[in-house]
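Input: a single structure, listed below in structure tokens.
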Amino acid sequence: MLDLQYIRENAEVVKSAIINKATGTPDLVDHVLELDELWRKITTELQNVQTAANAEAKKIGELMKSGQKEQAQSAIAESSRLKAALKDLEEGQRTAALSLDAALLEIPNVPHPSVPIGKVPSDNVVAFEHGVFPAFSFQPVPHWDILEKHDLVDFDRGSKVAGAGFPFYKGPGARFQRALINFFLDQAIGSGYLEIQAPLVVNEDSARGTGQLPDKEDLMYEAVRDGLYLIPTAEVPVTNLHRDEILSESDLPIKYCAYTPCFRREAGSYGKDVRGLNRLHQFDKIELVHFVRPEDSYEALEELRAHAEDLLQKLGLPYRRLLMCTGDMGFTQAKKYDLEVWSAGQERWLEVSSISNFETFQARRMKIRYRSKSEARPQIVHTINGSGLALPRIVAALLENNQQEDGSITIPPALRSYFGSETLISS
RNA sequence: GGAGGGGUGGCAGAGCCCGGCUGAAUGCACCGGUCUUGAAAACCGGCAUACGUUUGCGCGUAUCGUGGGUUCGAAUCCCACCCCCUCCGCCA
């Protein structure tokens, strides 16, 4: 959610943002400004009447005390008349506020000036590439063949027990996951993050706070009876951790890392995009979250990005960093990077991390503020988050890139102590 | 599941029975100052949030879990809902 005053003062900027993000019509801005004006008009009038009513009530108290009953009676009559007027104004204000809030929620975050303007994925800028593609003396196979050969993941029984996209990981497959989780967490802790174990369900307020509601409810599994949502990412509970709080400036920056399973309905996908581990309804991810002062947020974005890239480098995975264009970056982000690893068996890039600066967009909804020494009022923090990292596609890329002619898989040195051996072979 | 207690400012905690003098005592934290070589202590002053309005000082409105009601007037009385805590039971 953007600051209303900002929209008033920067209407054209916000309109361009809507156009560049292709997320609605710029008329929304005018609509918001009209509703804002209406709301303010009603509010001013309402407050004037309230002032009169308050004065009258106070007068009555004094008259009663001094025994001037007659004057008190006429004041009571006047007060009753004001009260009737208040009712209509209050109703009008409420209606105006609801419309205004609803319209405001339709306005996307404004992209940072450094974000390229574009509409489609091909407009994203490849900002960085690292590593070399692995060379093979044989034809490398996609990871689903490897998973089957070594019996690492059981998709069919997962389908039976839960549904498509809910696999069982078995033996070395499960162990490999656990190794990655521990490796990622230890790396994050070493970089100064505080480890968090978060609830895997959140309430409606939390889902709204990070922007999953109102319009992305199809993304989430819902426990209707209890009004809870299964988290689509740890970003939701971890960012909401400080909802409705005023932090002290000395608390910042706050950096959390959290491992959680993530649940996504992801309706409407098909084909090779969802083959194997490429896209699942439940997957594991380590999420990194920063709460920072506004002036520090772009530095923090690069810092978090570097932490995520460091993991890929330590795993020896060739990857590239995309700077997402306005049309492909999402509603709530001000700037976003995607990290993609090269998957040699499928010969394609797989997205494994998405790193974004939300500026005040999330924090304003959640009322996460801090007391600043230089400002009289509490300031809204900036939030930044990114995956560090999402497991399934990392598993896919590691299996595909490190496969050997004899069918075994070489484990990257950084993971060996976690996995317990140098190679993965059939048990 | 049974019984009881409670939700007040950054935190702790009065006020509620007996409605107006309470946007709210007091303490802590925090900020500024005096003192000090410096710090601590002591002392003095400031300090809820949001919105509206104003060039500004300021003024106004709302907010004591949420929503509704009674009343000229509600933190305070009534109703509903949400949440938390304690004890007992059950259980990993």
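Letters A, B, ... mirror the listed sequences (proteins, then strands); counts begin at 1. Note: hydrogens, waters and symmetry copies are ignored here, and every other heavy atom, side chains too, is used.
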Flag if over 12 foreign heavy atoms under 6.0 Å of CD, E295(A): yes
Under 4.0 Å protein heavy-atom contacts per nucleotide of nucleotides 58-68 of chain B, with B for base, S for backbone only and - for none: --BBS-----S
Spacing of the P atoms in rA29(B) and rA41(B) (rounded, Å): 8 Å
Modelled atom types, side-chain donor and acceptor of D284(A) and Q177(A), under 3.5 Å: yes
By side-chain hydrogen bond (donor to acceptor under 3.5 Å, both in side chains) - contacts of S297(A) (at least two apart): N357(A), H382(A)
S206(A) backbone acceptor or donor facing N240(A) side chain under 3.5 Å: yes
Distance, C1' atom - from rG27(B) to rG13(B), rounded to whole angstrom: 8 Å
Ionic contact status for E37(A) with R40(A), cut-off 4.0 Å: no
Gap in Å between the two P atoms, one belonging to rU66(B) and one to rG7(B), rounded: 13 Å
C1'-based separation of rU76(B) from rC85(B) [nearest Å]: 23 Å
By side chain to side chain contact (heavy atoms under 4.5 Å, CB included) - contacts of S354(A) (at least two apart): K336(A), D338(A), E351(A), S356(A)
With D205(A) via salt bridge (charged side-chain N to carboxylate O under 4.0 Å, His left out) - residues at least two apart: R208(A)
Check ion pair D310(A)-K314(A) (N to O, under 4.0 angstrom): yes
Interatomic distance, E45(A) CD vs rC51(B) C1' [rounded to whole Å]: 17 Å
Touch class at under 4.0 angstrom, heavy-atom based, for R364(A) against every strand present: nothing
Output a table of nitrogen or oxygen pairs between the protein and nucleotides 45-49 of chain B separated by less than 3.5 Å.
unit_1: rU49(B); atom_1: OP1; unit_2: R371(A); atom_2: NH1; d: 2.8
unit_1: rU49(B); atom_1: O3'; unit_2: R369(A); atom_2: NH1; d: 3.0

Value in whole Å for how far the P atom of rA50(B) lies from CG of L4(A): 15 Å
Contacts of type side-chain hydrogen bond (donor to acceptor under 3.5 Å, both in side chains), residue S353(A), not counting sequence neighbours: none
Between rU8(B) and rA14(B) - C1' atom distance, rounded Å: 10 Å
rA48(B) and rA24(B), which share atom name P, separated by this distance in whole Å: 9 Å
For RNA chain B, the dot-bracket pattern of Watson-Crick and G-U pairs whose distances stay under 3.5 Å, | for other-strand partners: ((((((((.[[[..)....(.....]]].(((((.......))))).((((((....)))))).[[[[[..)....]]]]])))))))....
Aromatic ring proximity H242(A)/Y256(A), centre distance under 6.0 Å: yes
Short side-chain to backbone donor-acceptor contact, Q362(A) and T360(A), under 3.5 Å: no
Atom P, compared across rC43(B) and rC28(B): separation rounded to whole Å: 9 Å
Would you give me the side-chain donor-acceptor pairs under 3.5 Å for residues 85-95 of chain A, sequence neighbours excluded?
unit_1: Q93(A); atom_1: NE2; unit_2: T43(A); atom_2: OG1; d: 3.1
unit_1: T95(A); atom_1: OG1; unit_2: E91(A); atom_2: O; d: 2.9

Under the side-chain hydrogen bond (donor to acceptor under 3.5 Å, both in side chains) test, residues paired with K285(A) that sit two or more places apart: T233(A), E287(A)
Whole-Å gap separating C1' (rC11(B)) and CD (E245(A)): 12 Å
Atom pairs and distances, donor-acceptor, side-chain atoms in residues 302-309 of chain A, under 3.5 Å, two or more places apart:
unit_1: E302(A); atom_1: OE1; unit_2: R305(A); atom_2: NH1; d: 2.2
unit_1: E302(A); atom_1: OE1; unit_2: Y337(A); atom_2: OH; d: 3.4
unit_1: E302(A); atom_1: OE2; unit_2: Y337(A); atom_2: OH; d: 2.6
unit_1: E303(A); atom_1: OE2; unit_2: K255(A); atom_2: NZ; d: 2.6
unit_1: R305(A); atom_1: NE; unit_2: E309(A); atom_2: OE2; d: 2.9
unit_1: H307(A); atom_1: ND1; unit_2: Y193(A); atom_2: OH; d: 2.7
unit_1: H307(A); atom_1: ND1; unit_2: E303(A); atom_2: O; d: 3.4
unit_1: E309(A); atom_1: OE1; unit_2: Y319(A); atom_2: OH; d: 2.8
unit_1: E309(A); atom_1: OE1; unit_2: R321(A); atom_2: NH2; d: 3.4
unit_1: E309(A); atom_1: OE2; unit_2: R321(A); atom_2: NE; d: 2.6
unit_1: E309(A); atom_1: OE2; unit_2: R321(A); atom_2: NH2; d: 3.2

Nearest-angstrom distance, C1' atom, rC87(B) to rG19(B): 35 Å
Could you go over nucleotides 69-72 of chain B and give all protein N or O partners under 3.5 Å, atom names and distances?
unit_1: rC72(B); atom_1: O2'; unit_2: S79(A); atom_2: OG; d: 2.3

Length of the NZ-P vector between K367(A) and rA50(B), whole Å: 10 Å
Set of residues satisfying side-chain hydrogen bond (donor to acceptor under 3.5 Å, both in side chains) with respect to Q5(A), sequence neighbours excluded: E9(A)
Length of the CD-C1' vector between E37(A) and rC51(B), whole Å: 17 Å
Separation of atom CD1 in I42(A) from atom C1' in rC51(B), rounded to whole Å: 15 Å
